[in-house]
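Worksheet for the structure shown next.
Counting from 1, the numbers follow the sequence of the chain as shown. Worth knowing before you read on, the calculation uses all heavy atoms, side chains too, and leaves out hydrogens, waters and symmetry mates.
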Amino acid sequence: MPQCPGREARHLQVCSTKRGPVPGPDPSGNGCPRGWPRSRSGAGRRDMPGGTQRVMTADIWPDELSSDKAAALGVAADAKLRVYVVVLPYTAEANIKITDRVLLRAGIVSLVLIAAVAYFAVRIALRPVETIRVLTASVTASDPRERVTVPATGHEITALATTINSTLQRLDDAAAQQRRFVADAAHELRSPLTTLLASLEVALAYPERTHWPAAVTAAARQTRRLHALAEDLLLLARLDARTPMTRPGTVDLTALALRLAEQYPLTERPLTLTCDSTAPAHAHGNLDEYERLLRNLVDNAARHAAHRIRITIRNQDVWVVLTVHDDGPGVPTEDAERIFERFVRLDDARSRDHGGTGLGLAIARDLAHRHRGTLTLTPRPLGACFELRPPRAPTPAEE
């Protein structure tokens with residue numbers, strides 16, 4: 001390392017130029033390279049061959065340098081040294097370019113690696129979703145019994161699989177209910193058709209022995225039954241389709257119940273039908289649908305009542321509470337909800353001639369739900385009591 005003796009101290013210089021070797025010593029005898037400026041301490045800019053360069057200096061005092069190190073450097077032990085560090089522009093630019101190229105290549109490689117890792121990680125994470133998609137795509141309307149496997153990870157995919165299984169279960173239940181409904185409807189239609197066809201064939205085969213008024217009466221009875229069943233099926237289809245309500249308005253349920261009690265035919269058995277309420281009870285909805293609902297409840301009570309059917313209506317907070325109570329054998333507790341299913345008849349009402357089609361209570365509950373109300377069977381010591389609760393509407397005077 002070149003040494004440069006100074007007037008007050010010796011300076012240890014690290015010298016370099018852009019091209020070629022370090023210039024030789026200055027003839028003036030100060031030991032510094034030709035053209036090399038002197039700097040006592042600190043840092044600054046110096047003119048060097050090849051341009052103005054950045055120069056940094058550091059002083060080393062005699063007490064900071066051991067005798068061994070001074071001897072190795074070939075300077076006196078009491079000498080003061082100055083170290084010059086020169087940063088050449090072309091070297092810095094070359095280093096920057098090299099660093100840029102390395103960082104660019106490393107960045108590209110890192111980006112590719114990160115993209116590959118992310119791709120495979122997402123593929124692995126979404127593999128259960130693909131399995132769920134394939135299984136869900138295999139579900140058909142006629143056979144929705146397929147179920148997806150619920151992973152045991154406990155994250156969102158588990159919740160998705162559970163939700164899809166619940167949806168498939170509901171579809172399966174709806175399909176089973178639809179199949180059961182079609183089978184029951186076909187059975188209900190076949191019975192009166194078979195009876196009607198048999199009576200007509202017998203009458204035609206033995207016309208001279210046939211009591212034609214009785215045969216025609218039996219045929220008319222079966223035809224009326226078919227007509228009622230067809231009307232019930234059409235009404236259920238409209239309710240299931242959730243068609244908009246026609247002519248909605250405000251209905252006085254008390255007036256409707258009083259009119260039905262007066263006009264309802266009770267010719268088959270000696271029954272008493274009474275309506276004990278007189279105060280107006282208004283509800284929103286369609287008059288014809290409310291009349292059908294109430295008539296279905298009274299028809300059901302008339303088939304099971306022993307002597308008396310009682311209708312009561314009262315206003316209770318935001319509800320209108322209408323009850324139809326008969327004094328018949330009642331309904332077992334375990335069948336309290338089952339009787340609202342379609343084509344359901346209890347054991348004491350299996351006769352189709354007197355037990356109806358099994359759709360009356362199902363239609364009544366659907367109509368109650370259509371009017372944002374409820375229809376339930378309330379427990380009573382004697383007989384069956386059906387309670388209808390539609391929302392109360394303000395009277396015309398209150399409006």
Side-chain angles (χ1 to χ4, degrees), residues 142 175-241 243 246 260-271 273 288-289 291-307 309 324 326 328-329 331 335 338-367 384:
S142 59
Q177 182 180 3
Q178 187 70 18
R179 290 191 296 268
R180 185 169 60 251
F181 175 77
V182 172
D184 291 339
H187 182 70
E188 292 294 333
L189 289 171
R190 184 179 62 180
S191 298
L193 285 174
T194 301
T195 304
L196 179 61
L197 180 61
S199 61
L200 292 177
E201 287 179 345
V202 170
L204 291 174
Y206 305 98
E208 68 282 355
R209 302 179 185 178
T210 301
H211 187 267
W212 288 102
V216 172
T217 301
R221 183 172 63 252
Q222 297 299 328
T223 303
R224 283 193 297 269
R225 182 180 169 196
L226 284 172
H227 180 268
L229 182 58
E231 289 291 334
D232 288 347
L233 292 175
L234 288 175
L235 178 56
L236 283 174
R238 287 196 297 268
L239 293 176
D240 289 340
T243 57
T246 58
L260 181 63
E262 293 175 358
Q263 300 175 357
Y264 191 84
L266 297 172
T267 57
E268 295 184 1
R269 290 188 300 154
L271 295 176
L273 175 60
D288 295 335
E289 293 184 359
E291 183 176 1
R292 178 63 182 272
L293 192 162
L294 184 56
R295 183 176 293 274
N296 283 4
L297 294 179
V298 175
D299 287 343
N300 179 78
R303 282 192 294 270
H304 300 89
H307 303 95
I309 303 172
V324 178
D326 64 73
V331 179
D335 294 325
R338 179 172 167 266
I339 58 173
F340 292 104
E341 297 178 5
R342 298 174 181 182
F343 296 110
V344 169
R345 299 185 186 90
L346 300 184
D347 292 337
D348 63 345
R350 291 305 301 174
S351 173
R352 287 185 171 84
D353 291 335
H354 301 285
T357 63
L359 295 176
L361 293 179
I363 292 174
R365 172 167 277 190
D366 287 348
L367 288 174

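- Although no hydrogens or angles enter the test, the distance criterion places a donor-acceptor pair under 3.5 Å between the side chain of Trp212 and the main chain of Pro207.
- For the residue pair Val331 and Ala384, the shortest heavy atom distance occurs at CG2-CB, 4.0 Å.
- For the atom pair CD of Gln222 and CG of Leu200, the computed distance is 10.0 Å after rounding to the nearest 0.5 Å.
- Distance check, rounded to the nearest 0.5 Å: CG of Asn300 to CZ of Arg295 gives 14.0 Å.
- Taking 4.5 Å as the limit, some side-chain heavy atom of Arg338 sits within range of a side-chain heavy atom of Asp335.
- The salt bridge (Lys or Arg N to Asp or Glu O under 4.0 Å) test applied to Arg342 returns Asp240, Asp366, not counting sequence neighbours.
- The OG1 atom of Thr223 sits 5.0 Å away from atom CG of Leu196, with the distance rounded to the nearest 0.5 Å.
- For Ile339 against Val344, the heavy-atom pair with the smallest separation is CA-CG1, 4.2 Å.
- Between Leu239 atom CG and Leu367 atom CG the span is 5.0 Å, to the nearest 0.5 Å.
- Leu233 approaches Phe181 most closely through the heavy-atom pair CD2-CZ, 3.4 Å.
- Distance check, rounded to the nearest 0.5 Å: CD1 of Ile309 to CG of Leu271 gives 5.5 Å.
- Interatomic distance, CG of Leu226 versus CZ of Arg221, reported as 12.0 Å (0.5 Å rounding).
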### From CA spacing to verdict: side-chain contact (heavy atoms from CB on, under 4.5 Å), Arg292, Leu235
CA-CA 10 Å; Arg292 178 63 182 272; Leu235 178 56; 3.6 Å; yes

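- Taking the charged nitrogens against the carboxylate oxygens, Arg225 and Glu188 do have a contact shorter than 4.0 Å, which makes a salt bridge.
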*Dump the intermediate steps for side-chain contact (heavy atoms from CB on, under 4.5 Å) on Ile363 and Leu236, then the final yes or no.*
CA-CA 7 Å; Ile363 292 174; Leu236 283 174; 3.6 Å; yes

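- Residues Ser199 and Glu201 form no side-chain contact, since every pair of their non-hydrogen atoms from C-beta on lies 4.5 Å or further apart.
- The nearest pair of heavy atoms linking Ala261 to Leu273 is CA-CD2, 3.7 Å.
- When all heavy atoms of Ala305 and Asp326 are compared, the pair lying nearest together is CB-CB, 3.7 Å.
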### Task
Take Leu294 and Val324 through the side-chain contact (heavy atoms from CB on, under 4.5 Å) test and state the conclusion after the steps.
CA-CA 8 Å; Leu294 184 56; Val324 178; 4.0 Å; yes

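- Among all heavy-atom pairs drawn from Ala364 and Asn296, the shortest one is N-ND2, 4.2 Å.
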| request: Step by step, work out the side-chain contact (heavy atoms from CB on, under 4.5 Å) result for Asp299 and Tyr264. | output: CA-CA 9 Å; Asp299 287 343; Tyr264 191 84; 2.4 Å; yes

